[in-house]
Amino acid sequence: MRAGTGRRRGPAAAVGCAVVAVAATALLPSSAAGHPERSAGAVRPGAHGASVAAARAPAACTAPEASLRPSTADGPAVQRIKNRGRLIAGVDQNSYRWGYRDPATGELSGFDIDLVRAVAKAVLGDPGKVTFLAIPTNQRIPALEKGKVDIIARTMTINCDRIRQVAFSTAYFEAGQQVLAPKGSPVTAFDDTLKGKKVCTAKGSTGESELKHESHGAFVLTVPNQLDCLVRLQLGQVDAVITDSALAAGQAAQDPSVRLVGKPFTTESYGVAMNLGDADLVRRVNAVLEDYRRGGATSPWMQAYRKWLEHDLTGITAPPEPKYKD
């Protein structure tokens, strides 16, 4: 549907299962006592997309997905979490299949949520010892820099700009930016069919940076969360959405009146993000991911994929191979 036509499409019933997008950070179950205490260091806020980042980053940044080798040794960050008795995790509560509140149970569910619980089990011996914070896309890096959370597991793309600001685990999923549009729309890909159209993307996302680099003549609207874009698409306020293909597949599953068009026009890896000073926690999360990938078709990773993602993202037979830099 084109904006300004006066027609409004009612949100599909399944949209209710993803919860109306929150505009501000919210505490999701009860808060743990205290917050992580540390200095964020001299890092600058903000985040940029993969292609723009590659252009600006030093030539030495050729493999941003390479992380620290896994270790189960306790360091100051892991000990901080153990002393507190809870892991504080920044997540999404609006991304169907990844991090959303299940209307049947009222609990947070999804691929990213399962991964956070695996980290909590490894560090604290109990997958339930997690305090979840709903973090908007553009607040992911500030939340880590300010010590508000221990980890961010929120479909966050690893790229050269971001590794200067936060530390990442090895990649746990691969996706790419893609266009979501109403069925029958003249928008057919990330190309000149976007000219003169209103396009929505999340502020601080890779999609925003790609549109800054090349908008194809589109008028760009940025919002705090990706689900805000789906709502605007449903209301006819925008003509298309630019987001990760993995997130877009979940949105298309929520609303059968929209579909993915064209092919992914970037290649991106999702990682668990942590504070730059928390090297021991990075190694511990990478140890968790090693176990999560292990076991072939019966690995915890493949079980989570079949449970949450296979219906919308078919044909994936294995998790990404980890890359290490030390």
Side-chain angles (χ1 to χ4, degrees), residues 25-40 67-93 98-102 105-135 140 143-156 166-173 270-295 298-305 307-308 319 322:
T25 302
L27 188 62
L28 293 182
S30 57
S31 173
H35 290 284
E37 295 178 1
R38 57 180 176 247
S39 171
S67 185
L68 300 175
R69 290 195 176 276
S71 172
T72 58
D74 287 1
V78 173
Q79 194 58 55
R80 179 187 70 234
I81 296 166
K82 288 186 173 182
N83 291 343
R84 187 194 307 125
R86 295 187 75 81
L87 175 72
I88 302 178
V91 297
D92 199 350
Q93 66 170 359
W98 290 92
Y100 73 105
R101 193 171 289 283
D102 189 328
T105 64
E107 297 294 324
L108 281 172
S109 303
F111 192 89
D112 283 342
I113 304 303
D114 282 1
L115 179 55
V116 169
R117 295 193 187 281
V119 174
K121 183 177 180 180
V123 174
L124 297 168
D126 184 344
K129 289 186 175 181
V130 183
T131 295
F132 292 103
L133 292 178
I135 304 292
R140 293 176 299 188
L144 287 166
E145 292 176 335
K146 295 173 184 177
K148 194 170 187 176
V149 296
D150 299 307
I151 64 174
I152 294 281
R154 197 188 180 286
T155 58
M156 188 168 179
V166 296
F168 281 99
S169 69
T170 52
Y172 68 85
F173 200 84
Y270 295 162
V272 179
M274 288 152 278
N275 187 277
L276 281 173
D278 288 351
D280 63 302
L281 182 57
V282 175
R283 294 184 187 278
R284 176 60 67 89
V285 170
N286 283 339
V288 173
L289 287 171
E290 285 286 323
D291 290 339
Y292 213 61
R293 298 183 188 99
R294 190 172 291 119
T298 62
S299 68
W301 193 97
M302 286 302 300
Q303 291 177 45
Y305 164 72
K307 179 179 179 180
W308 298 113

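FYI, the numbering just counts along the sequence from 1. Computation of the quantities below employed the complete heavy-atom set of this structure, encompassing side-chain atoms and omitting hydrogens, waters and symmetry-equivalent molecules.
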**Report entry** With T105 via side-chain contact (heavy atoms from CB on, under 4.5 Å) - residues at least two apart
**Finding:**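 In terms of side-chain contact (heavy atoms from CB on, under 4.5 Å), with neighbours along the sequence ignored, T105 is linked to D102, E107.
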Query raised in the report: What residues form a side-chain contact (heavy atoms from CB on, under 4.5 Å) with A279, not counting sequence neighbours?
Result: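 A279: side-chain contact (heavy atoms from CB on, under 4.5 Å) contacts with L68.
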Is a side-chain donor or acceptor of [X] paired with a backbone partner of [Y] at a separation under 3.5 angstrom?
X: R154; Y: I135; result: yes
X: S169; Y: V282; result: no
X: D280; Y: G75; result: yes
X: R101; Y: Q93; result: no

Query raised in the report: How close do A153 and V116 get, heavy atom to heavy atom, and via which atoms?
Result: CB-CG2, 3.5 Å
**Report entry** Minimum-distance pair of heavy atoms, taken over all atoms of V119 and L87
**Finding:**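 Scanning both residues completely, I find the closest heavy atoms to be CG1-CD2, 3.9 Å.
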Query raised in the report: Taking only residues two or more places apart in sequence, or in another chain, which ones meet R117 in a salt bridge (Lys or Arg N to Asp or Glu O under 4.0 Å)?
Result: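 Expected list: none.
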Query raised in the report: Looking at residues at least two apart in the chain, or sitting in another chain, which of them share a salt bridge (Lys or Arg N to Asp or Glu O under 4.0 Å) with D74?
Result: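 Counting only residues at least two positions away or on another chain, D74 forms a salt bridge (Lys or Arg N to Asp or Glu O under 4.0 Å) with K82, R284.
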Flag for [Y]-[X]: side-chain donor and acceptor within less than 3.5 Å:
X: D112; Y: Y172; answer: yes
X: W308; Y: D114; answer: yes
X: R294; Y: S299; answer: no
X: R293; Y: T170; answer: yes

Any [X] side-chain heavy atom under 4.5 Å of [Y] side chain:
X: P319; Y: F173; value: no
X: D150; Y: M274; value: no
X: R283; Y: V78; value: no

Report task. Sequence neighbours left out, what passes side chain to side chain donor-acceptor pair (under 3.5 Å) with R69? Give chain and number order. Result ->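 With sequence neighbours excluded, R69 shows a side chain to side chain donor-acceptor pair (under 3.5 Å) to no residue whatsoever.
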Query - Results of side chain to side chain donor-acceptor pair (under 3.5 Å) for E290 - residues two or more places apart only - result: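 So E290 forms a side chain to side chain donor-acceptor pair (under 3.5 Å) with Y324.
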